Amino acid sequence: MDLFPQFLANGLVMGVFYALSALGLTLIFGLMRVVNFAHGEFYMLGGVSGWFVTNYLGLDFFSGLIVVAAFMAAVGWLVDRFLIERVRGQGEEPGILLTIGLSIFLVNGTLLLVGPAPMKVAGAVAEGPLFFGPIAVTKLRLLAVGVGIALIVGAHLLIRRTRLGAAMRATFQDPMAASLAGIRTGHVYAATFALGCTLAALSGMLLASIYSAQASVGGLISLKSFVVVILGGMGSFAGAIAGGLLLGVAEAMWGGYVSMGMVDVIGFVLVILILLFRPQGLFSIRTERA
Amino acid sequence: MTLERNILLAFLAGAALLPFAVTDQYILHLAIMALFYAVLASSLNLVVGYVGEFSLGHTAFLGTGAYTAALLSTQAGMPMWVTIPLAGLVSAVFGFAIGAITLRLQGPYFVIVTLSFAEVLRIVANNWIAVTNGPMGLAGVGQTLFGDVAVTDKAGFFLIVLGIAAVALYLSYRFVYSNAGRAAVAVRENRYVAQSIGVDPFGTAMQAFVLGAFLAGLAGGFYAHYISFVGPEVFRFAFMATMIIMVLLGGKGTLIGPLAGAVIVTVLEEYLREVQELRLTLFGLIVMAIVLFLPNGLMGFIALRREQQAAKPTLNAAKERTV
Amino acid sequence: MTATTERQPLLRADDLTMTFGGITAVKDFSFHIEPGEIVGLIGPNGAGKTTCFNMLTGFYAPSNGRVRFKGQDITNRKPHAIARLGLVRSFQKTNVMKRLTVFENVLTGHYMASRQSLLATFFPGEAVRRAEREARESAAAIVETMGLAQRMNAPAHLLSCGELRLLEVAVALAAKPSLLMLDEPAAGLNSHEAGTFGAVLKTLIGRSIDALLIVEHNMDLVMSVSDRIVVLNFGRKLAEGRPAEIIENRQVAEAYLGKAAA
Ligand SMILES: Nc1ncnc2c1ncn2[C@@H]1O[C@H](COP(=O)(O)OP(=O)(O)OP(=O)(O)O)[C@@H](O)[C@H]1O
Ligand SMILES: [Mg+2]
């Protein structure tokens, strides 16, 4: 019983990570109605390119983060302009298939280039735990949680408080009216996709400094992100955060008290139960759309 | 309809002659895999093409079938003629249970939840060591067909998988060209019209889904005996990716499409066998290219060409009428 | 003794009400249809006609009220279950199976007549083959009746607007309904085509269907085919009567015809 606070803390830390990784997915779905099956691969590319810029270009962690953000924004922009745009307005299925193809391409292309071995991204601070009463958290994790929260808040402000964000929301609500009002909707879609892609990549690099980057990690990340997003309600920002925390804590408790082996089942079981009883997701009491 | 049937019959008849014409074990192995994949792709096509929803969890049924056959064979020493049909039946039961949950969902929810089921089964297979032997898998799956007749060579396995393919194509053909198949197409094309002519969308989708699960289970049962080993990898996404490509490339919603897709992709895979990553990289590109440029696959492309040919004379006829 | 207790109406709706959030689209609407009747349901745009169709056929669950069909309470039943009782509707927004041919669309419409067990699907016997043959013959006949014979094998997406509306009616007829409900079937037809169409509708009664409920903005058509007309305005019943009476009705003229003329 003594371990409960520690499990809870571990769960909440993981929860923030889950929420952060799922943010890009829910943003792209909420604003663009694209179900991005290549989401985990963008996350993976963030980690791998983070490894590249810190190890080969010798950048420190935070400069690396900025370079990776710029690079992945460009990737996201191009993917939208050259792929997603071609199936816009054709319903969900072509987008799903297209991004499945993209994900298969990205995983295996990366495997071809850098191989399957884990790659460690140099962290911003040294390893070593901090103690808060009975709870121990490593400095690295604490920092990652801080950066993660900053990213979540930043993305929220970008969408709520900037002109780009206003254009995004307008385009999402009524593309026709938005384009009549002079908004270049093509650019807005591309920018949204780029933003979602960048968020995925940044969480990938951040977490690669704790775990490590690996070419094949994307599938699992996509799945977990889908779990988080369905738990919270597709397209909802607040839902993604709640869903992330819920999944993190549920897994930590299950792993701590029941069994370590089947921990990954929890998320799927939750999703199946939720879709059975509350198909709109747990928290979507008409939550704001991103 | 009759054209499609004749092509299928010709394909099966041609295939039946293969083991007598070819003794090269390697080519026979390829042919076996092509037919195995043809069954899988046809079964996935029943879901993708006739339920109209995209399942990413079809490996659940492949894996269930494979484990069923492997367990029955290694634990109870049952021969293939019992294990393979039972593998299909157990998968069909799983299909019914999974369908009862997933077929209420649409679009991305359906995609993700079917995928979740396959993942859950994979994790269970990995961890329920008492039954599945965990990551080590079940080795030494028997090769007896019935009594003490054992299948010892590739030609034997080829004839078995050909039999399964014949069953799969027969059942698919009957379903697709039946009243129930038309109802499924109606649901896929227009849910409202379907309901207003008395079609129960859920019940109809369930029929196609369970049939697809049954056929995938048969394929899985065969696979267990042929490879003689089953591990949690049968639930992996790689199988799923291969099946998707076959169905999309050939053309979903047709019977010949998945067959053609299976043959093409099996041969292609073999060419690129040495370089697994390169192969899958290309697969990814192919999937994207198909979605962008050939959305109805090769069969759709051929049908479109024929439709255009056929449309020309009617256009002229229409002109004559107006004059 | 009123007429309704002696003879069951084919369809009877009592106090149907439908609210969407704050909007009340239909309020306490009651009406009935007798066998052999053609009833016209009219009203200005947004009056609630389509909403009524959706409640009667199970696509919407009414917020209040009941629907009885052939003496059974069908309120809150699933659309396909209602269709199986013989109540079949068409849609205001054209709804056909675009990628199938005209013939295939109508053949698919015969679903209920050819329903069979799973076993019979996989191992069809003589009965199934006969049902299939009959469905095909009937489909061809219906296509003919609706004047689409020349387009028999054309994919539906190549059809003109008017032809699509006819195809929709053909698909609904294929389901062999006893009560057919058509939502603006003549939208997109020119006045000559609408006239022919009206004549076809009248021949259906007693031959293919028992009764017809038609929503239509084409007044000439509605007035000429209907035995009785029900007028909806702002979700409430405004008037009911023979076409001649409705034309005379001042309130209706104000609410509807006057507005249309303005
Ligand atoms: N699903 C819905 N959600 C919200 N409001 C609806 C819905 N369906 C209909 N309404 C509203 O109900 C009212 C009645 O609409 P309905 O479509 O039944 O009218 P109608 O008589 O068929 O009009 P029209 O002649 O234009 O077809 C309208 O105000 C409409 O906006
Ligand atoms: Mg209407």
Side-chain angles (χ1 to χ4, degrees), chain B residues 1 49 52 92 167-208 210-211 214-215 253-254 295-296 300 303-304 306-308 310-311 313-315 317-318 320-322, chain C residues 53-54 57-59 78-91 93-101 104-118 120-124 128 131-132 135 150-151 153-158 167-168 171-177 181:
Chain B
M1 178 174 177
V167 168
L169 291 175
Y170 175 81
L171 293 181
S172 306
Y173 175 82
R174 279 296 175 207
F175 178 77
V176 168
Y177 287 111
S178 74
N179 196 41
R182 281 199 299 265
V185 170
V187 175
R188 181 191 77 197
E189 291 292 311
N190 195 318
R191 223 182 160 76
Y192 297 115
V193 173
Q195 285 172 288
S196 72
I197 57 173
V199 176
D200 172 10
F202 182 75
T204 308
M206 186 62 107
Q207 286 184 358
V210 170
L211 181 58
F214 174 72
L215 297 179
T254 65
N296 292 311
L304 188 70
R306 285 180 50 184
E307 196 176 280
Q308 282 166 350
T314 42
L315 214 65
E320 278 161 28
R321 265 207 316 278
T322 50
Chain C
F53 262 48
N54 286 333
T57 51
F59 283 88
K78 294 249 172 69
H80 69 264
I82 293 176
R84 285 178 193 180
L85 292 174
L87 203 175
V88 175
R89 54 89 59 95
S90 73
F91 295 86
K93 281 208 319 213
T94 308
N95 260 313
V96 296
M97 294 164 274
K98 286 245 157 81
R99 288 194 289 183
L100 306 189
T101 66
E104 287 166 341
N105 264 282
V106 180
L107 182 61
T108 305
H110 286 77
Y111 172 74
M112 289 188 281
S114 326
R115 254 164 46 122
Q116 65 211 23
S117 72
L118 210 52
T121 299
F122 294 126
F123 306 101
V128 170
E132 180 75 16
Q150 300 215 317
R151 306 292 266 159
N153 293 312
H157 63 88
L158 294 181
L167 175 58
E168 266 190 289
V171 172
L173 278 178
K176 314 283 180 207
M181 307 191 359

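Just so it is clear: chains get the letters A, B, ... in the order the sequence lines come, proteins before strands, and each one is counted from 1. Computed from a prediction, not measured in an experiment: that's the story for all the values here.
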Taking all non-hydrogen atoms of both residues, which atom of B:A183 and which atom of C:Y111 are closest, and how far apart?
CB-CE1, 3.4 Å
Looking at B:G203, B:A194, B:S196, which one has more heavy-atom pairs under 4.5 Å with chain C than the rest?
B:S196
Is there a side chain to side chain contact (heavy atoms under 4.5 Å, CB included) between B:D200 and C:K78? Walk through the geometry before answering.
CA-CA 9 Å; B:D200 172 10; C:K78 294 249 172 69; over 6 Å; no
Nearest heavy-atom pair of C:T121 and B:S178: which atoms, and what distance?
CG2-OG, 3.3 Å
What's the shortest heavy-atom distance between C:R99 and B:N296, and which atoms?
NH1-OD1, 3.8 Å
For the interface with chain B, which of C:S114, C:A83, C:A81 has the highest count of heavy-atom pairs at distances below 4.5 Å?
C:S114
Is it the backbone or the side chain of C:L85 that comes under 4.5 Å from a heavy atom of chain B, or both, or neither?
neither
If you look at every heavy atom in B:G198 and C:M112, which pair is closest and at what distance?
CA-SD, 3.9 Å
Highest number of heavy-atom pairs under 4.5 Å with chain B among C:V96, C:L87, C:I82 belongs to C:V96
Please report the C-alpha distance between B:V185 and C:T108 in whole Å, then the side-chain angles of each, then the deciding distance to 0.1 Å, and finally whether the side chain to side chain contact (heavy atoms under 4.5 Å, CB included) criterion is met.
CA-CA 9 Å; B:V185 170; C:T108 305; over 6 Å; no
Under 4.5 Å from any heavy atom of chain B - which part of C:V128
neither
For the NE2 atom of C:H80 and the CZ atom of B:F202, what is their distance to the nearest 0.5 Å?
10.5 Å
So, the part of C:F91 with a heavy atom under 4.5 Å from chain B: the answer is side chain
Let's test your reading of the structure: which of C:V88, C:L107, C:N105 forms the most heavy-atom pairs below 4.5 Å with chain B?
C:L107
Among the listed options B:N179, B:V193, B:I197, the residue most often paired with chain C at heavy-atom distances under 4.5 Å:
B:N179
Residue C:P155 versus chain B: region with a heavy atom under 4.5 Å
side chain
Working to the nearest 0.5 Å, report the span between OH of B:Y192 and CG of C:N54.
9.0 Å
Give me the atom names and distance for the closest heavy-atom approach of B:Q195 to C:P79.
NE2-CG, 3.6 Å
Looking at every non-hydrogen atom in both residues, tell me the closest pair between C:F122 and B:Y170 and how far apart they are.
O-OH, 2.8 Å
